[in-house]
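The structure under discussion appears below in the form of structure tokens.
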Amino acid sequence: MDKTYNPSQESAIYDQWEKSGIFTPVVPKNPVQSRLDKEPFTIILPPPNANNPLHAGHALYTVEDTMVRFHRMLGDPTLWLPGTDHAGIETQFVFEKYLQKQGKSRFDYDRQTLFKMIFDYVNQNRDVAKNQMKRLGFSLDWTREKFTMDQDHIGRVYSVFRKMVDEGLIYRDEKIVNYCTFCGTAFSNLEVEHKTVNSHLWYIKYGPLTVATTRPETMLGDTAVAVNPKDQRYQDLVGKTITLPLVNKEIPVIAEESIDPEFGTGAVKVTPSHSPEDYDMAKKHHLEFIRIFDYDGKSNDNVPKKYRGFYPKEVRQMLLDDLQAQGLLLKTEDYTHEVGHCYKCGRPIEPITAPQWFVKIKPLADKAEEVVKKDEILIFPKRFKKSYLTWMKDVRDWPISRQIVWGHQIPVWYCVDNEPTKFDLTFIDKKGQTVHGNWFQICDQGYSYDEIKLGLQSLIADTAAKYYLSEEEAKKHGSFVLQETDTFDTWFSSGQWPYSTLGWDPEGHHSPDFEYFYPTTVLDTMWDILFFWVARMIMFGIYTTGQIPFKVAHMHSRVTDSKGQKMSKSKGNVIDPLTMSDKYGADALRMALVIGVAPGSDISLSEDKIRAQRNFVNKIWNASRFVLMKVEQLEAHSIDIENIDSNKYPEDKEITTKLNALIESTTNNINTYRFGQASEDLYQFFWKSYCDVYIEATKNRGVDAVPVLLHVLVTSLKLMHPFIPFVTEAVYQQIRPILKQSDELIASSGWPKN
RNA sequence: GGUUGUUUAGCUCAGUUGGUUAGAGCGCAUCGUUCACAUCGAUGAGGUCGGGGGUUCGAGUCCCUUAACAACCACCA
């Protein structure tokens, strides 16, 4: 044996494991009955995004690997299923940056071409991530690897969509959505970041009254002014109309309870198409909706000519100038408030009415709330249970359509010729020109259906447009059929991941894998996607399969740098897991990520910490080297460590007593997700109790110390294996030949018992 | 605006059901190279466990209050 542990042998060890097939569980002939007899331990890997190599956060899959290896050693049938997520908007955003470097943009390509380009790009990355996971020792069953872009997954997502449409759980409506004009897509509330902005409150004279607003640019779309019904000042005006300045249009004054008389002037301008509150008000009072900003962010034909074709910021200034000139701008106050920004590009979100697909969330949320409330699904650490329940309680309908190409195209087809004015089409023609208009306008220019279909970029259908859930069905009703160009929110797809990866079948012909492994046991992920992903999986799981998708949702925390700061490229404080593995070994990195970390708290990682764990790994190596040296002094060919006498010497008794306590505490700690405590105890036991005290104590004894030395070593190797699989395996293979009874790999050997 | 979390040695953090002189890693000081390991060993310095109050025979651990920091949620002009 070398004088120090050499981590370069780790890849070879991984290959050995993979070839042995221990990562691949065998599904019994009668999965349903077998599951009742003995439930398997199953984890579906939270699929990493396909757009980037792994970062330190992914290295935390270590926690899952630890659980999986532990259960495998316990003898449980164990499955850890890998996969990758296409990560819709995330990936498209990364790809667009890449396009930008080449002087291109998404507008230069038709839908199909762009999709194909992203697909190729993503495929290059997928193998990188896979090899990285192997490098870190993750005992995943690669024979079952999945990708969210697999046809069978898409097929399942489509079938669930159709079922939800049929049952009225999905609807199409033109509502206020969070729209990013730069990214060109709508977002859910969760994807909006609220930032504090120093702005102004402008007081503008609206005929006989004055309104106070933070968004003067929307006044061109005002269709009412609202006041509190109890407000004495305005009682005479309620029910009457006033003239909207600059536009010179009559708009009503309405009474609305939610208006705070204390704020501003107590009179609020109402812009139903560009403000969520105003939208609700308008629905209630049957006001007119006038959308003045288009999806490209510019003002449209609904505003007076001089204001057309500008961005909100520009319109704002023009209006303020004009109001000032006419003496209608009475006052400007400093005002600080929260404004929604796009979580991807950081630009302000424009609330815009747009036709989108929505999930009616309440029926799903009610059940998802109940299972957690009743602890049928255990959320760990407990504090996340509370935030989950709070969120579930007043969750709003979920907009699931995204105006991007990278994702699952919504399986809905329109007959564009039947309702020619209801579709807003954009496509690139044969000459490479971008053409825009409705069906009539485009046909007038002489374009054919085939040319439009081939070059199609986007199709925006009126909410009243008739749609069909399959292409065949649509073709029965019209000859010019086009598919919806919106794609699903990624979480609509990944929310169905647990049952989809296991082979759930819409017709009920489920795969043996599904029957045996579903519901899964543990879902481990970072708390930042508790609502995005965990909550959606619970809702979908219950809705589609009638069962919860997993029994435990274990939330881990984020990896920070040595100062507790979030890692980011711009800060330059990222620690690359692969660089660290090459330098110090994967075991050292894994140990550094779990040791002494309290459940759910941030994990501060530093190279110093990894180096310290490398030293620990080396300590194991060298202690083993010492024991083997002692063994060589023996004449015996093999040693029986199953039946040892530890009562002869006090130090033997002491170490075996401690070892037995360690077996118990380690088992308990892993079972209760206290990995930080478990690894800490193992570290202390091995280095202090075993090496510094016990080994030293045996040095003045002869070979009669060997059986206990060996017994404690082998047992602690097994206990440490889930955390640091490589060194324990490497050492075990050195020791194995002299053991009387042994498994071929430590990875397949039994968990120690007292 | 609402909610949650954090505050323990110079640094990063453990400390589950309250119980003897409060722990680890790194860093620091002194010493030690005879054959497991200098990626090592021995010894040591260093903490009024954010502040205040309370419960208790006993509190870092439970309760109240306060301060600082962090994060999450949020359609008020």
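Below, chain A is the first sequence line, B the second, and so on; all start at residue 1.
- Formation of a donor-acceptor pair under 3.5 Å by the Asp375(A) side chain with backbone atoms of Leu378(A) is not found in this model.
- At the heavy-atom level, Tyr673(A) lies nowhere under 4.0 Å from the strands shown.
- Here C73(B) presents its P atom at 12 Å from CD of Glu338(A), a figure rounded to the nearest Å.
- When Val522(A), Ile377(A), Leu523(A), Asp524(A) are each tested for a side-chain contact (heavy atoms from CB on, under 4.5 Å) with Val552(A), only one passes: Val522(A).
- With hydrogens and angles ignored, a donor-acceptor pair closer than 3.5 Å exists between the side chain of Arg614(A) and the base of U39(B).
- A straight line from CE of Met392(A) to P of U3(B) spans 21 Å, rounded to a whole angstrom.
- Atom CH2 of Trp621(A) is separated from atom C1' of C37(B) by 12 Å (rounded to the nearest Å).
- Residue Ala623(A) is in base contact, counting any heavy-atom pair closer than 4.0 Å across all strands shown.
- Of the candidates G15(B), A36(B), C73(B), the closest approach to any side-chain atom of Phe531(A) belongs to C73(B).
- Remark: A68(B) base-pairs with U6(B). Criterion, Watson-Crick or G-U wobble with two distances under 3.5 Å.
- Residue Arg625(A) is classed as a sugar-phosphate contact, given heavy-atom separations below 4.0 Å to backbone atoms only.
- Glu369(A) pairs with exactly one of Lys362(A), Lys385(A), Lys393(A) by the salt bridge (charged side-chain N to carboxylate O under 4.0 Å, His left out) rule, that one being Lys393(A).
- Distance Ile595(A) CD1 to C13(B) C1': 11 Å, rounded to the nearest Å.
- Across the C1' atoms, G25(B) and C69(B) are found 25 Å apart, a figure rounded to whole Å.
- At distances below 3.5 Å, not a single donor-acceptor pair connects side-chain atoms of Ser199(A) with backbone N or O atoms of Thr336(A).
- Using a 4.0 Å heavy-atom criterion, one finds that Thr4(A) contacts the bases of the nucleic acid, with or without backbone contacts as well.
- Looking at heavy-atom distances under 4.0 Å, Ser387(A) makes no contact with the nucleic acid at all.
- Within residues 185-203 of chain A, the residues having any heavy atom closer than 4.0 Å to RNA chain B are, in order of number, Asn189(A), His194(A).
- The base of A38(B) has none of its N or O atoms less than 3.5 Å from a complementary donor or acceptor on the side chain of Lys3(A).
- Taking only side-chain atoms of Ser604(A), from C-beta outward, the nucleotide of G15(B), A71(B), C13(B) with the closest atom is C13(B).
- The CG atom of Asp2(A) sits 14 Å away from the C1' atom of U39(B) (whole-angstrom rounding).
- Using a 4.0 Å cut-off between charged side-chain N and carboxylate O, Lys360(A) and Asp397(A) make no salt bridge.
- Between Val693(A) and Lys688(A) the shortest side-chain heavy-atom distance does not fall below 4.5 Å.
- For Tyr343(A) and His341(A), the gap between ring centers reaches or exceeds 6.0 Å.
- Residue contacts for Lys609(A): at a heavy-atom cut-off of 4.0 Å it reaches no nucleic acid atom on any strand shown.
- Rounded to a whole angstrom, the distance from the P atom of A9(B) to that of A71(B) is 22 Å.
- You'll find the ring centres of His554(A) and Phe380(A) inside the 6.0 Å limit.
- Comparing C63(B) with U7(B), their P atoms sit 15 Å apart, to the nearest whole Å.
- Base pairing of G60(B): no nucleotide in any strand meets the Watson-Crick or G-U wobble criterion (both distances under 3.5 Å).
- Pairing for C28(B) goes to G44(B), judged as Watson-Crick or G-U wobble with the two contacts each under 3.5 Å.
- Comparing U8(B) with G23(B), their C1' atoms sit 10 Å apart, to the nearest whole Å.
- No contact: Asp278(A) has no heavy atom under 4.0 Å from any strand.
- Taking the six-membered ring where tryptophan is involved, the planes of Tyr690(A) and Tyr694(A) are essentially parallel, since the angle between them stays under 30° and well short of 60°.
- The C1' atoms of C49(B) and C62(B) are separated by 16 Å, rounded to the nearest whole Å.
- Listed by residue number, the members of residues 679-688 of chain A with any heavy atom below 4.0 angstrom from RNA chain B are Glu680(A), Tyr683(A), Gln684(A), Trp687(A), Lys688(A).
- In this structure, Ser601(A) reaches the A14(B) phosphate: one of its side-chain N or O atoms is under 4.0 Å from OP1 or OP2.
- Distance CG (Asp692(A)) to P (C37(B)): 14 Å, rounded to an integer number of Å.
- Nearest-nucleotide assignment on RNA chain B puts the 5′-proximal partner with Asp608(A), out of Thr213(A) and Asp608(A).
- Rounded to whole Å, the P atom of A22(B) lies 22 Å from the corresponding atom of C26(B).
- Taking the six-membered ring where tryptophan is involved, the planes of Phe616(A) and Trp687(A) are essentially parallel, since the angle between them stays under 30° and well short of 60°.
- Between Ile603(A) and Cys691(A), the residue anchored nearer the 5' end of RNA chain B, judged by the nucleotide with its closest heavy atom, is Ile603(A).
- In summary, the aromatic rings of Tyr388(A) and Phe531(A) are positioned with their centroids too far apart to meet the 6.0 Å limit.
- If you measure from atom NZ of Lys630(A) to atom C1' of A36(B), you get 11 Å, rounded to the nearest angstrom.
- Comparing U66(B) with G47(B), their C1' atoms sit 23 Å apart, to the nearest whole Å.
- With a cut-off of 3.5 Å on both Watson-Crick or G-U wobble distances, the partner of C73(B) is given as G1(B).
- Within the structure, every side-chain polar atom (N or O) of Asn615(A) is placed at least 4.0 Å from both OP1 and OP2 of C37(B).
- A straight line from CZ of Phe384(A) to P of C72(B) spans 11 Å, rounded to a whole angstrom.
- Using C1' as the reference atom, G2(B) and G60(B) are 30 Å apart when rounded to the nearest Å.
- Nucleic acid contact for Arg674(A): base, since at least one base atom lies under 4.0 Å from a heavy atom of the residue.
- Residue Leu530(A) is classed as having no contact, given no heavy-atom separation below 4.0 Å to the nucleic acid.
- Within the 4.5 Å cutoff, side-chain heavy atoms of Leu628(A) are placed close to those of Met1(A).
- Ionic pairing of Glu333(A) and Lys331(A) is present here: one or more N-O contacts between side-chain nitrogen and carboxylate oxygen are shorter than 4.0 angstrom.
- Here the nucleotide nearest the side chain of Lys386(A), chosen from C72(B), C37(B), U3(B), is U3(B).
- Side-chain atoms of Asn622(A) lie closest to A36(B) of the nucleotides A36(B), A14(B), U12(B).
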